[in-house]
Amino acid sequence: MEAGKGTQGAEDGPGVVTGRDTLSAEVAGHDAGTRWDYAPAPESRDIVRIAPEYGLFVNGEFTPAASGRLFPTVNPATEEPLAQVAEAGPADVDRGVAAARAAYEQAWRPMPPAERAKYLYRIARILQERAREFAVLESLDNGKPIKESRDVDVPLAAAHFFYHAGWADKLEHAGFGPSPRPIGVAGQVIPWNFPLLMAAWKLAPALAAGNTCVLKPAETTPLTALLLAEVCQQAGLPPGVVNVLTGDGEAGAALVAHPGVDKVAFTGSTEVGKQIQRTVAGTGKRLTLELGGKAANVVFDDAPIEAAVEGIVNGIFFNQGHVCCAGSRLLVQESVADAVTERLRDRLGTLRLGDPLDKNTDIGAINSRQQLDKIRDLSQAGEAEGAQRWSPPCELPERGFWFPPTVFTGVSQSHRIAREEIFGPVLSVLTFRTPEEALTKANNTPYGLSAGVWTDKGSRILWLAQRLRAGVVWANTYNRFDPASPFGGYRESGFGREGGRHGLAAYLDA
Ligand code: NDP
């Protein structure tokens, strides 16, 4: 594995098969003959101006929190503090919701839908114009590789605004009845894994449908949501239509519980989703929850192995595995299990871990120390329960939060690493013999968000896709997103859909 600078070893615990003995000679030999090293290709930070301090975005202006309190946001790749950010409390939530209510009554709801659309188009275009700035800021605050923030997060966020702008004046013809109405004020709480993209997923459909918003970004990744607030100013969005309250879980809880909020949309952990459901029960508020997952990525013996291995790598190592729909359980047919895991190990040997701003980096930093601790704990549990752990030879940077790509083989259904969401670059490999066994194992999870199927046979794809209890099933691909395609789960993965016509329905009183 190509790694960033530094000396700290990979996370080898007792009984860890690191691959140094089994693979490094092979890979080194291969290296010596055919592989060229990449020169560093760092993206410049100069395009972003990070202020020392940020206020809350309420009623079109940045203002301090009522308490005056601030909290730091750090670069997880270096632990360097990036900025101090205002910490919203209950008085700020009152202010944000009041601003959203006034904007709803006086500006946004009465506005002709075609006019609303113009603002969304404008926001989309500004996101494209400032794409590089957003990508660099996202990688600094979140730790994700620049090639992902540049090629996935930011373009998809712009695409969500474009797509929903197109819907704004066509809702009467979209099958929601003759006169679909907005719901009112939406309280939206988002996580840290796709900070800008999740903000776009929440704001774009809500605004297109005529609602106003109070958004609470995650504590560890507030900066791109605040830059998006600046874009709202730049687009001339009427004050109060979008409000951004940075803060911790308590601010999220206060927002969700606020009596002035008509609709709650949450993406995050199943545990917090359940708390929110309890808070909202009986209040008449509308609710959508996009929660965790433990997706099966099922590889049959007739699958094109090279393509499947790329799909497996993308499925679990994209965004360091901080993905609710990550293909964290690889189910591979027994007859090809050895061939697949061998190719997978070879491929992991070529992934580059290190500076998120380097354009060659494949694996960036873990978003926070807390998340790193969780990944370490679950990986240790995997070993303690008897699974075999493997990581490519890998040096981790000395500072920051890092975890090497890790594969567990010999995993059984009862292991914690096969059942719990790790939310990190850790793959659990299980095997199956028949399609029925694959189906039973894939569905043996309390979650139901996503799944992948790799096979040459269309009939097998359809057979399995119809029976998998997952909101999204990818066939011979993985982690493909499009604003027109509804995304969401059921059971412990939540309910409601985001994207497409279904996603709009969640913001309409039809
Ligand atoms: P949380 O669910 O705690 O956080 C998601 C968002 O909710 C954040 O903005 C958070 O604020 C806020 N929040 C926290 N508590 C409350 C509350 N009681 N009421 C309302 N809002 C609240 O996820 P974590 O960041 O703590 O991650 C924990 C685990 O959750 C991860 O290890 C992962 O397994 C899973 N996860 C799943 C995600 C998914 O998309 N499925 C996304 C993120 C995490 P704050 O940032 O201050 O905590």
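Just follow the structure's listing: the first ligand is 1, and inside any ligand the first atom is 1.
Within 6.0 Å of the CZ atom in Arg69, the count of heavy atoms belonging to other residues, nucleotides or ligands does not exceed 12.
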Could you give the side-chain donor-acceptor pairs of residues 289-298 under 3.5 Å, partners two or more places apart or in another chain?
residue	atom	partner	partner atom	Å
Lys294	NZ	Ile417	O	3.0
Lys294	NZ	Glu420	O	2.7
Asn297	OD1	Trp454	NE1	2.8

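For the side chain to side chain donor-acceptor pair (under 3.5 Å) test, residues two or more places apart in sequence or in another chain that qualify with Asp362 are Lys147.
Side-chain contact, Thr267 with Lys202: a donor N or O sits under 3.5 Å from an acceptor N or O. With no hydrogens or angles considered, no side-chain donor-acceptor pair links Asp141 and Thr224 at under 3.5 Å.
Each ring pair (Phe, Tyr, Trp, His ring centres under 6.0 Å) pair with one or both residues in residues 62-101, not counting sequence neighbours, appears once here: Phe57-Phe62.
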Could you list, one pair per line, each nitrogen or oxygen of ligand 1 together with any protein nitrogen or oxygen closer than 3.5 Å, giving atom names and the distance rounded to 0.1 Å?
residue	atom	partner	partner atom	Å
ligand 1	2 (O)	Ser269	N	2.8
ligand 1	2 (O)	Ser269	OG	2.7
ligand 1	9 (O)	Ile190	O	2.8
ligand 1	9 (O)	Lys216	NZ	3.1
ligand 1	11 (O)	Lys216	NZ	2.8
ligand 1	18 (N)	Gln275	OE1	3.0
ligand 1	19 (N)	Ala253	N	3.4
ligand 1	25 (O)	Trp192	NE1	2.5
ligand 1	32 (O)	Gln371	OE1	2.8
ligand 1	32 (O)	Gln371	NE2	3.2
ligand 1	32 (O)	Lys374	NZ	2.8
ligand 1	34 (O)	Lys374	NZ	2.7
ligand 1	34 (O)	Glu421	OE1	3.0
ligand 1	41 (N)	Gly268	O	3.4
ligand 1	41 (N)	Leu291	O	2.9
ligand 1	46 (O)	Glu219	N	2.8
ligand 1	47 (O)	Glu219	OE1	2.8
ligand 1	47 (O)	Gly249	N	3.0

